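Below is one structure, written out as structure tokens; comments come after it.
Since the model is a prediction, treat every value here as computed from it, not as a measurement.
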2 protein chains.
Amino acid sequence: MRVLVVEDERRMAAALQRGLQAEGFAVDLAHDGEQGLHMARVGDYDVVVLDIMLPRLSGYNVCKQLRAEENWVPILMLSAKDGEYDMADGLDLGADDYLTKPFSYVVLVARLRALLRRDAGRRPAVLSAGDLTLDPARRRVQRGEEPVELTPREFALLEYLMRRHDEVVSKSEILEHVWDTFDTDPNVVEVYVGYLRRKIDAPFGRGALQTVRGAGYRLAGDGG
Amino acid sequence: MRVLVVEDERRMAAALQRGLQAEGFAVDLAHDGEQGLHMARVGDYDVVVLDIMLPRLSGYNVCKQLRAEENWVPILMLSAKDGEYDMADGLDLGADDYLTKPFSYVVLVARLRALLRRDAGRRPAVLSAGDLTLDPARRRVQRGEEPVELTPREFALLEYLMRRHDEVVSKSEILEHVWDTFDTDPNVVEVYVGYLRRKIDAPFGRGALQTVRGAGYRLAGDGG
DNA sequence: CCTCGACCACCAGAACTCTCATGGCGTGGA
DNA sequence: TCCACGCCATGAGAGTTCTGGTGGTCGAGG
């Protein structure tokens with residue numbers, strides 16, 4: 001698999017190159033927007049990792065230009081640290097997924113693989129259950145129009161429950177996937193379910209996160 | 001690769017089986033010590049995952065018995081939750097590595113692969129630098145004979161530095177490997193280096209963990 | 001020698017995660 | 001119906017991690 005990484009910061013670029021090569025990707029680097037655009041045009045890549053903040057031509061414009069030329073290579077955008085550019089705009093310009101810094105190396109690789117698996121040009125999934133929405137890339141949750149602030153662990157738990165909404169999910173499944181650990185006190189799940197309810201249900205008079213006694217929990221898709 | 005999992009708790013056993021199968025291992029289960037011993041004898045496995053607390057015959061004794069019969073199949077032991085058995089004894093009986101519960105699924109798989117890569121029957125590595133020793137499996141650190149208590153993050157940082165002792169390790173390398181993240185504030189490394197110094201150097205009048213200005217840090221192998 | 005900028009050490013405090021203990025509630029059996 | 005038991009909810013609190021700010025130190029250059 002051929003990957004083009006467009007990133008001006010040398011250290012970041014080198015780290016990405018090393019990491020991705022270790023995963024078996026063939027990695028080319030471009031250090032500014034113009035070079036990146038040129039290489040993306042002629043290089044026949046399977047996927048492009050594109051920083052937004054770039055000298056000469058922003059990642060923003062690289063993406064826009066490529067799409068204008070009907071080049072549908074999958075693009076994974078990396079957000080700026082400050083909020084100058086909104087990732088949502090990046091998506092509107094035709095990026096396929098985005099990551100906000102700082103991001104985990106594992107997550108980056110997982111997203112790249114997901115991009116490579118599916119048809120190019122599709123939008124990243126935004127999970128929903130009733131009027132509850134969760135955007136894994138932007139790390140944002142809303143109940144209706146109202147944003148909800150979650151800690152990392154709460155977010156991971158909700159994401160897992162939303163991916164399996166309307167199913168009954170056992171505590172041991174949750175521990176495996178959200179905590180990645182065997183033989184941990186299941187009470188920690190109960191505690192975090194409690195935290196979530198206080199944030200996504202109680203303030204809205206809902207009861208979407210239901211207990212199924214003896215079996216686990218279910219996140220109701222109809223909003224509870 | 002064929003794996004035998006000897007574990008009596010049904011849920012744990014099922015989770016291990018599913019997880020390892022997903023990694024491409026062929027997994028057989030035994031639910032007590034006698035069955036496990038029998039299967040290990042005749043089954044020609046590449047590695048055995050062996051719980052200590054087992055009905056009928058402890059993992060302890062299964063291991064001892066196999067080694068007495070000159071069966072050198074690599075064995076990864078899982079510790080009891082309570083401290084009834086000491087893992088060090090397990091190693092003395094011929095286990096090749098051990099994990100203490102609760103453990104991460106990712107760590108388990110990594111250890112299994114490590115076992116499969118190297119010659120069977122060898123002891124797990126205990127890292128050392130001067131009179132500083134670190135046992136990754138038992139999660140224990142000593143300065144000379146004196147045990148040192150570390151938090152998980154401190155331990156991970158020290159482990160990485162010890163694996164590369166006498167080398168200069170840059171902050172970005174540390175962030176990548178210990179924090180698994182790009183573009184995080186490097187100050188967090190400085191803070192944790194400070195914590196480590198207060199635990200492994202200052203109380204012993206040492207200076208093993210050295211700053212290399214502009215380059216990173218070095219853990220001196222001669223004890224500083 | 002002094003200044004300046006970059007890099008680093010360290011304190012303080014906030015946020016987050018997890019453990020423990022207690023009490024409520026449902027379910028099944030007497 | 002009432003009780004007993006197991007499952008779950010929740011408050012409290014401790015330990016850990018991380019952020020931000022401040023000040024020190026080193027090296028280069030005037």
So what does A/Val193 touch, heavy atoms closer than 4.0 Å: a base, only the sugar-phosphate, or nothing? nothing
Which is true for B/Phe155 with a 4.0 Å heavy-atom rule: it touches a base, it touches only sugar-phosphate, or it touches nothing? nothing
Can you check whether any acceptor in the base of C/dC10 is under 3.5 Å from a donor in the side chain of B/Tyr195, or vice versa? no
What's the NZ-C1' distance between B/Lys199 and D/dT17, to the nearest Å? 12 Å
Under 4.0 angstrom between A/Thr211 side-chain N/O and D/dC7 OP1 or OP2: no
Distance check: side-chain N/O of A/Trp179 vs OP1/OP2 of C/dT17, anything under 4.0 Å? no
Might you confirm whether atom CZ of A/Arg139 has over 12 heavy atoms from other residues, nucleotides or ligands at distances under 6.0 Å? yes
With rounding to the nearest 0.5 Å, note down the distance linking CE in B/Met12 to CZ in A/Phe182. 6.0 Å
Ignoring hydrogens and angles, does a donor from either the side chain of A/Arg213 or the base of D/dC7 sit under 3.5 Å from an acceptor on the other? yes
Between C1' on D/dC18 and CG on B/Leu175, what's the gap in Å once rounded to a whole number? 12 Å
Quickly work out the B/Leu209 CG to C/dC8 C1' distance and round it to whole Å. 13 Å
Among B/Glu149, B/Glu146, B/Glu154, which residue meets the salt bridge (Lys or Arg N to Asp or Glu O under 4.0 Å) test with B/Lys199? B/Glu154
Ignoring backbone atoms, establish whether A/Tyr217 has a side-chain N or O less than 4.0 Å from OP1 or OP2 of D/dA9. yes
Whole Å only: how far is the CG atom of A/Asp185 from the C1' atom of C/dT17? 13 Å
B/Tyr192 atom OH is separated from C/dC8 atom C1', nearest whole Å, by 18 Å
Looking only at D/dT17, D/dG11, C/dT17, the nucleotide nearest the A/Val191 side chain is D/dG11
Nearest heavy atom decides the nucleotide; on that basis, is A/Thr151 or A/Asn187 closer to the 5' end of DNA chain C? A/Thr151
If you pin B/Glu154 and A/Glu190 to their nearest nucleotides in DNA chain D, which one's is more 5'? A/Glu190
Between A/Arg56 and A/Asp8, does any side-chain N to carboxylate O distance fall below 4.0 Å? no
Rounded distance (Å) that lies between atom P of D/dC8 and atom CG of A/Leu196: 17 Å
Of all the heavy-atom pairs spanning B/Ala13 and B/Glu7, show the shortest one and how long it is. N-CG, 3.8 Å
Under 4.0 Å, heavy atoms only, any strand: does A/Arg153 hit a base, just the sugar-phosphate, or nothing? sugar-phosphate
State whether A/Lys171 places a side-chain N or O below 4.0 Å from either non-bridging phosphate oxygen (OP1 or OP2) of D/dC8. yes
Could you tell me the separation between the CG atom of B/Asp201 and the P atom of C/dA9, rounded to a whole number of Å? 12 Å
Spacing of A/Thr151 atom OG1 and A/Leu196 atom CG [to the nearest 0.5 Å]: 8.0 Å
Ignoring backbone atoms, establish whether A/Thr184 has a side-chain N or O less than 4.0 Å from OP1 or OP2 of C/dC18. no
Tell me the interatomic distance from B/Arg198, atom CZ, to D/dT16, atom P, rounded to whole angstroms. 14 Å
